[in-house]
Amino acid sequence: MQTKKITRRDFLKLSGSLAAASALAACVPGEQSPVAIPLEAGGQSPVIEPEIQTTLPPVPMAILALNRLTFGIRPGDVDAFNALGSNESERLQNFVAQQLNPEAMDDSEFENRHARAGFETLHKSHEQLYADHIASNPYSSNDDAYWQWYSQPAYELVDETVLRAVYSKKQLVEVLVDFWHNHFNVFFWQDDGVPLLASYNRDALRKHMLGNFRQMLEAVAKHPSMLYYLNQNNSSDAGPNENFARELFELHTLGAENYLGVRDPNAVEKDSNNIAIGYVDNDVYEAARCFTGWRVDDDLGDWEDGVEKTGNFLYHKPWHDRFNKLVLGRYIPADQEDLKDGYDVLDLLASHPGTARHIARKLCRRFISDAPPETVVQAAASTFLQYKDAPDQLKHVMETILLSAEFKASWGGKVKRPFEAATSMMRTLNSDFTRPPGSLHWMLSLMGQRLFERRSPDGYPDTREAWATSMSLLYRWNLAVGLAENWLDDETTGYTIRSDTFAQTPAEIRTASALADYWIQRILNQTLPESSRNAIIAVMAQEYNWDEPLTEEHVRYVLPAMIEVILMSPDFQWR
Amino acid sequence: MKPILTRRQFLQGCSSAIAAMAGAKLTNLAFAKQDNPGDTLVVVFLRGGWDALNVVSPIEGDDRGFYEKARPDIKIENLLRLNDQFGLHPAMAPLYDLYQQGKAGIVHAVGLNYDTRSHFDAQEYIELGTPGAKNTASGWITRHLQASGTSSILPVVSTSGQPTSVLNFVPTVSLSTPDEFSLWDAGLRASHMNALRTLYSGESMLHRAGARTLEALDIVSPLTGGGYEPSNGAYYNEDDFGAQLKTVAQMIKLDAGLRVATVDFGGWDTHEYQNDGNGGYMADLLNSLTSGLANFYLDLDSGYTDRLSVVVISEFGRRLVQNESYGTDHGHGSVMLTLGGNVNGGQVFGQFPGLHNDQLYDRADLAITTDYRSVLGELLAKRMGNTDIESVFPGFSGQYKPLGLFQ
């Protein structure tokens, strides 16, 4: 038998008498008490703890689907889902069909709330946004009012996004717009274009996300938010700026998985259409040349010939590099008609099998699991290519993913990200607000996912490791407290979020165990293992017996605390 | 008769021990001293790829000529003279003082010797420690701690999320400030904590993350409530970087076995209008960086700098030639900084390959003559008590060339 000196961590893993003997000693300054213990062969590494694949018991389709395709389960959602068919497959199929045809849905309850929210700028067209909030801001730039007016549309978009996520019935649309904004990420505080975030989200993303990828790609590439964000606005033949072209390849289409590095482009293998199977640096440079002259019509100082200040996309021919280029092995001749060089690059990328795989994998990661099975990725990629010219290409891709066996078979492959955790808490509590108070955004920022504030172009991560940090988790817990205790107020705006959990509890339920069972079912839609249930009952009971009726005063005071614990539980975080 | 303690009670006991001492001085806990055989390492990652050639610029000779010709609008003048060859950006005066005192060192033409100009690839390769291989399951810091063994309750603090360098190092605690790090309650805190301990007692990644958060709450709680007074009159800037360094300083002074702290500083992707003469955007960043570091050092120069090593790294440098937008595009070779009580400071290390077209990487960027892993490897070997370079940087030990950066 081997022995070694115990490490602190091994030591902490011990419980009971062995630890007890030296634990106190170890706490005392100045004393050291090395302990020798037997080392088990093949013992666990004290440092890397590889994730143990959690085998959560399977859940009913309603719970799986509603957690994946919505921003959280509201009371009544499970029953409504189950009424959609006589078996699980049929229910899922009908729910997906409903959600993928949002225009047919009655969303009047949300629309009424939206009307009450008092948004003043979101109805404006892109040109209006530019004119009102950028070109002709009525305030002086030394004045706070100038900056308030300048950023108002973007702030309203943030509030509207929360409102939609919590109240709209068109939930899949909301989940998808979140996906695509992160895919084609633009940072909120992008100089020169902050108010345009509202039109970017609406005109480039929402408009196309169940449509055609090639069209969405072009709408994104031409939108001033993106042109500013990735420095395309200053890219001319005299010095092409690579930033947009690089992210176009690396993030928007082919993905880093198809990046072959700094290599001779002639040495790259070609596919059956004679297109390079992946991209090298040279492709990025050549593509950057193709896009020279793609900019914003934003000559605010009246300095440039042929440039106005509409804030629209502008193809500025004098900046375009007219000479021939080579992209992914495709020869692009000199002096093509206006815009054609850029369109050729977008065509090449949007129809590339590498792009199909990259987009399919990201969508599967969003909707199935952090490491989705390759079979469903391939199936979705095939659909992507099969329908590449169809006006509803992305709807077909979504159907392939959501009706797949892999989708139905997986539970617990995802942990809610902070925004989903927040919205799902508000949905299950029936929280009431028309505009979220600033404290909600602040808490999302401490959790690491303030809306539209991912600075780098890769968008917020979509794997659990990124969100398993202590700070993020702690504020997820704190948000549960803030919501259940009704602490989220904004003194300057008067915005609040309110939920009366006492009023939502049937009056006949008054023992700690019955209250716990009621709210566990209400929030989790399932039962918990005995130890977890007991821990929750203990919070409700405090010093009282679990099965004795509690006073109304006690229930009013302690009920929110018990609900907080259910919302904080790991069981509420899976999706 | 001794009471039977559970692990949880043990942790609570320790943190009340810490709490009891908080009024006086947080130091000398037995387990801390026992656990930390080397320096506390602070890794500052400058996200975005800093423009190394405007950080440490050629001061004279042919290279100065090439530099000025390539950067007519953004070249830096009135450099702080480091030696006959190089000068430091004047906005970095706070670091210059430490350099002259021998507490700060500079490595030039250093970096990730792999063909990529992608931020994400380059950062990932550097932090994984395996250039070219992305399927590595752990970060370089993770493997260092695995090789050297660690046992403290709070071995790694990240003030900016979960960087790849500590990938799969589960005990990492991320927190931005001690004050922000507390659990809210409406008067039933103990009851919450008890329930959470039960609910998060499982084995999944999520359960472990929860349990770790509960442990961290126990440890950090004595530091909350504000009132931190930096030593020696040090002053932390009221920016992200200053706040992160202040947190790290407090965690170091807690003396609870902190081995590594990671700090992020973003905004270095200077594609346009990076300068306004010697001032402007880049100068603001450099000033924030160096005044932050200098005050951090000053704060810890109260008995902690002998056990402190700071290293500053970025994913790459930038193109030699300025772009049309008065900025610079993604490049290759870079500059690293070292700081600490036991660095061989006051010197510029590394072999500068020159800026003539034929001397450039891909005929465009500063070439790399020192692999960044040689810098980190030497740091581990000399200051962290870990000479097993191969286990931290697999496949690299044959190319490992220490430069004499550390004592």
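Every chain is numbered from 1, with letters handed out A, B, ... down the list of sequences.
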Decide, yes or no, whether a salt bridge links E242(A) with R319(B) under the criterion of side-chain N to carboxylate O below 4.0 Å.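 Looking at E242(A) and R319(B), the cut-off is met.
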If you measure from the Lys or Arg side-chain nitrogens to the Asp or Glu carboxylate oxygens, is any gap between D115(B) and R263(A) under 4.0 Å?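 A salt bridge is absent here (no side-chain N lies under 4.0 Å from a carboxylate O).
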Donor-acceptor check, side chain of H192(B) to backbone of A561(A), threshold 3.5 angstrom: yes or no?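 Such a contact is found between H192(B) side chain and A561(A) backbone.
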For the side chain of N478(A) and the backbone of S182(B), is there at least one donor-acceptor N/O pair under 3.5 Å apart?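 Indeed, once roles are kept as given, a pair shorter than 3.5 Å links the two residues.
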Checking [X] against chain A: side chain, backbone, both or neither under 4.5 Å from a heavy atom?
X       : answer
D362(B) : side chain
T116(B) : both
L183(B) : both
Y361(B) : side chain

Given that the side chain runs from C-beta out, which part of [X] has a heavy atom under 4.5 Å from chain B: side chain, backbone, both or neither?
X       : answer
S236(A) : side chain
P529(A) : neither
W487(A) : side chain

Please say whether more than 12 non-hydrogen atoms of neighbouring residues, nucleotides or ligands are located less than 6.0 Å from CG in D240(B).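 No - once you tally the heavy atoms of other residues, nucleotides and ligands closer than 6.0 Å, there are 12 at most.
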Other residues, nucleotides, ligands: >12 heavy atoms within 6.0 Å of Y228(A) OH: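 More than 12 within 6.0 Å, yes.
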